[in-house]
Number of protein chains: 2
Amino acid sequence: MTAGAFSLESGALGKTLGESVRSHLAGLIIRGEFKEGERLYPEQIAARFGVSITPVREALMQLAAEGFIESVQRRGFHVRIPTADQIRNVWQVRQSLELCAGEQVIKRLKEGTLDPHALDRLDALQKAQLKNTSHMDHATKLELNGSFHTTIIEFAGNPILASMYRSLQHKVVGGLVQSGLDTWRSRVEKEGQEHKAIIDGLRNQDYAAYDSSVRTHIARSLDDALRDLATRQ
Amino acid sequence: MTAGAFSLESGALGKTLGESVRSHLAGLIIRGEFKEGERLYPEQIAARFGVSITPVREALMQLAAEGFIESVQRRGFHVRIPTADQIRNVWQVRQSLELCAGEQVIKRLKEGTLDPHALDRLDALQKAQLKNTSHMDHATKLELNGSFHTTIIEFAGNPILASMYRSLQHKVVGGLVQSGLDTWRSRVEKEGQEHKAIIDGLRNQDYAAYDSSVRTHIARSLDDALRDLATRQ
DNA sequence: AATGCATATATTTTGTAAATTATTTTTTAT
DNA sequence: ATAAAAAATAATTTACAAAATATATGCATT
């Protein structure tokens with residue numbers, strides 16, 4: 001009877017309260033609303049959202065399982081601060097999964113399970129990235145960049161691979177840093193060329209070419225990520 | 001079946017109740033105590049363990065996040081029934097991660113970060129697998145088999161890779177089937193040879209050889225897994 | 001007087017029980 | 001036989017209680 005008294009905005013359609021809290025918090029973390037290493041107090045969050053502690057706790061544990069935040073026994077939840085080694089490790093696995101995806105995409109192209117026109121979406125993404133970089137906020141730029149890789153992963157047609165890749169991305173959201181615009185612009189150029197090489201590898205169904213362009217791209221991307229991390233300190 | 005008391009306190013030092021319940025349940029699932037697709041009722045489990053529902057729910061959600069079981073909104077928790085496609089997908093990612101690990105292990109051997117004697121542990125595991133297969137229960141056999149691959153993953157020195165590999169293994173525990181002893185014996189022979197080839201690839205620091213022996217092994221292993229699945233229906 | 005240890009207190013996490021909400025099944029009426 | 005309504009079942013959430021940890025305070029010792 002006292003139902004619907006709370007005002008936890010946005011699509012709470014058939015979702016549980018814990019789920020709503022989870023997606024809200026994930027959004028806040030991605031937007032960098034919390035400082036790195038900041039502790040998240042269930043009680044405060046509960047008060048902020050106008051719900052009790054249980055669903056908040058549920059959400060926090062879920063986020064910890066997904067790698068968004070870190071949970072220490074009896075010592076609460078903290079926003080992850082990835083170390084250089086962790087970033088290297090994530091990039092290493094990322095490379096492995098992207099190689100796996102490409103191998104699969106090429107296989108599917110060859111056996112006709114995947115329409116070659118699907119690759120046009122990659123072209124579109126690559127071009128969208130090259131223009132309009134100035135009036136985009138950090139989150140959008142990162143999202144656009146991420147979409148390119150996520151799309152390739154999706155084309156592999158392996159949901160388990162996709163979910164693994166996603167959870168990998170979550171592990172570093174706390175470490176993504178706002179780079180200066182000048183830095184960004186030169187990066188976009190390189191990234192554009194590298195992405196183009198990756199698309200070509202897929203389109204020509206040439207795994208060797210795909211393999212080497214992915215490795216080049218990942219290596220450069222790792223360098224940038226490590227540089228960003230060092231800048232923050 | 002016996003509604004006897006489960007001693008959760010055993011060695012529960014520093015662990016929370018939810019954690020104890022989680023590991024107990026994980027053990028039960030691995031041992032095949034639950035039927036495939038069986039629904040897990042929090043209330044029943046709580047009664048069985050003599051605790052309240054909250055820690056049980058916590059454990060179930062944790063297990064769902066790890067891929068042990070499946071959770072459907074408002075419809076409870078179920079033991080996963082992997083489909084043939086899911087098994088294929090898992091094996092595909094498994095292969096990718098094992099290739100990544102091997103590449104890293106060889107790199108570490110070359111740069112001297114990993115002692116070549118570490119590989120002796122793989123020899124030991126391989127030999128242990130070949131003998132004493134008759135008086136081992138299913139779980140032990142699977143564990144021994146799994147250890148071989150897990151050890152290689154560990155040698156890569158990438159905790160994130162290791163945790164991904166682990167969660168991948170969880171995704172199929174519900175689908176592991178008790179094979180007949182005769183079937184098993186012939187399998188062990190093949191597996192032994194394949195594992196030997198994999199070790200050789202690493203020891204010779206020959207990635208191409210490692211790559212092809214892993215692919216051969218995974219392909220054969222996938223065939224067996226799919227055959228097991230088909231046997232059950 | 002300063003430092004280290006021990007105890008006490010306050011804060012936070014974890015666990016319980018009960019209430020609420022959603023879903024499924026059964027019953028009843030058309 | 002079908003559809004609607006009510007009851008039963010089970011998941012979710014809340015509020016409250018307990019357990020555990022960190023922090024602060026005080027006393028003793030050097």
Side-chain angles (χ1 to χ4, degrees), chain A residues 1-26 34-35 37-66 68-80, chain B residues 3 5-26 29 34-35 37-66 68-80:
Chain A
M1 48 198 72
T2 50
F6 47 79
S7 57
L8 187 62
E9 53 181 287
S10 94
L13 300 143
K15 292 285 175 191
T16 111
L17 252 188
E19 258 306 306
S20 307
V21 174
R22 194 213 72 88
S23 57
H24 251 262
L25 277 177
F34 300 106
K35 294 184 200 115
E38 184 176 344
R39 185 163 177 184
L40 299 173
Y41 294 92
E43 203 173 359
Q44 286 177 15
I45 298 167
R48 190 167 164 179
F49 287 136
V51 297
S52 85
I53 303 175
T54 308
V56 172
R57 187 176 157 68
E58 200 167 289
L60 288 170
M61 291 194 301
Q62 182 68 28
L63 289 169
E66 291 177 78
F68 267 109
I69 60 179
E70 162 177 80
S71 155
V72 184
Q73 217 19 265
R74 285 245 166 225
R75 210 147 305 176
F77 300 87
H78 295 261
V79 181
R80 283 187 62 93
Chain B
F6 278 81
S7 57
L8 284 179
E9 320 310 321
S10 56
L13 295 150
K15 292 283 176 189
T16 112
L17 250 191
E19 257 307 305
S20 306
V21 173
R22 193 212 73 88
S23 58
H24 253 261
L25 276 177
I29 293 167
F34 300 105
K35 292 185 201 113
E38 184 176 345
R39 184 163 178 184
L40 299 173
Y41 293 91
E43 203 174 359
Q44 286 177 14
I45 297 167
R48 190 164 164 183
F49 286 139
V51 296
S52 84
I53 299 174
T54 307
V56 171
R57 190 175 155 70
E58 191 173 305
L60 288 171
M61 290 192 303
Q62 182 68 29
L63 289 169
E66 291 178 76
F68 268 109
I69 60 178
E70 160 178 82
S71 154
V72 183
Q73 224 12 272
R74 283 258 170 210
R75 208 149 305 176
F77 300 87
H78 296 261
V79 181
R80 282 186 62 91

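Fair warning: this is a prediction, and the values are worked out from it, not measured in the lab. Here is the naming used below: chain letters follow the sequence lines, and residue numbers restart at 1 for every chain.
Across the protein-nucleic acid pair, B:Ile53 atom CD1 and D:dA10 atom C1' stand 9 Å apart, rounded to whole Å. Note: CG (B:Leu17) to P (C:dT13) measures 18 Å, nearest angstrom. Rounded to whole angstrom, the span from the CD atom of A:Glu19 across to the C1' atom of D:dA11 amounts to 15 Å. A:Leu60 places its CG atom 14 Å from the C1' atom of C:dT14, with the value rounded to the nearest Å. Atoms CZ (A:Phe77) and C1' (C:dT14) sit 11 Å apart, rounded to a whole Å. When the P atom of C:dT16 is taken as reference, atom CZ of B:Phe49 falls 13 Å away, rounded to whole Å.
Here the nucleotide nearest the side chain of A:Ser52, chosen from D:dT14, D:dT12, C:dG15, is D:dT14.
No more than 12 heavy atoms of other residues, nucleotides or ligands sit less than 6.0 Å from atom CZ of A:Arg48.
Checking A:Arg75 against A:Glu58, the closest nucleotide of DNA chain D that is more toward the 5' end is the one next to A:Glu58.
Near DNA chain C, meaning a heavy atom under 4.0 Å away, the residues from residues 40-48 of chain A are A:Tyr41, A:Pro42.
The side chain of B:Arg57 places an N or O atom within less than 4.0 Å of a non-bridging phosphate oxygen (OP1 or OP2) of D:dT12. A close approach under 4.0 Å does not occur between any side-chain nitrogen or oxygen of B:Arg74 and OP1 or OP2 of D:dA10. The shortest distance between the side-chain N/O atoms of A:Thr16 and the OP1/OP2 oxygens of D:dT13 is below 4.0 Å. Applying the 4.0 Å criterion to OP1 and OP2 of D:dA11, one finds that B:Arg39 has a side-chain N or O inside that range. Applying the 4.0 Å criterion to OP1 and OP2 of C:dA17, one finds that B:Thr54 has every side-chain N and O outside that range.
In terms of heavy-atom proximity, A:Val56 sits nearest to A:Pro42 at CG1-O, 3.7 Å. Looking at every heavy atom in both residues, B:Glu58 comes nearest to B:Thr16 through OE2-OG1, 4.1 Å. The shortest heavy-atom contact between A:Glu38 and A:Lys35 is OE1-N, 2.7 Å.
Residues forming a side chain to side chain contact (heavy atoms under 4.5 Å, CB included) with A:Arg75 (at least two apart in sequence, or on another chain): A:Val72. By the side chain to side chain contact (heavy atoms under 4.5 Å, CB included) test, A:Ala26 is found to be paired with A:Arg22, A:Leu63, A:Phe68, residues two or more places apart in sequence or in another chain being considered.
By the 4.5 Å heavy-atom criterion applied to side chains, A:Phe49 and A:Leu25 are counted as neighbours.
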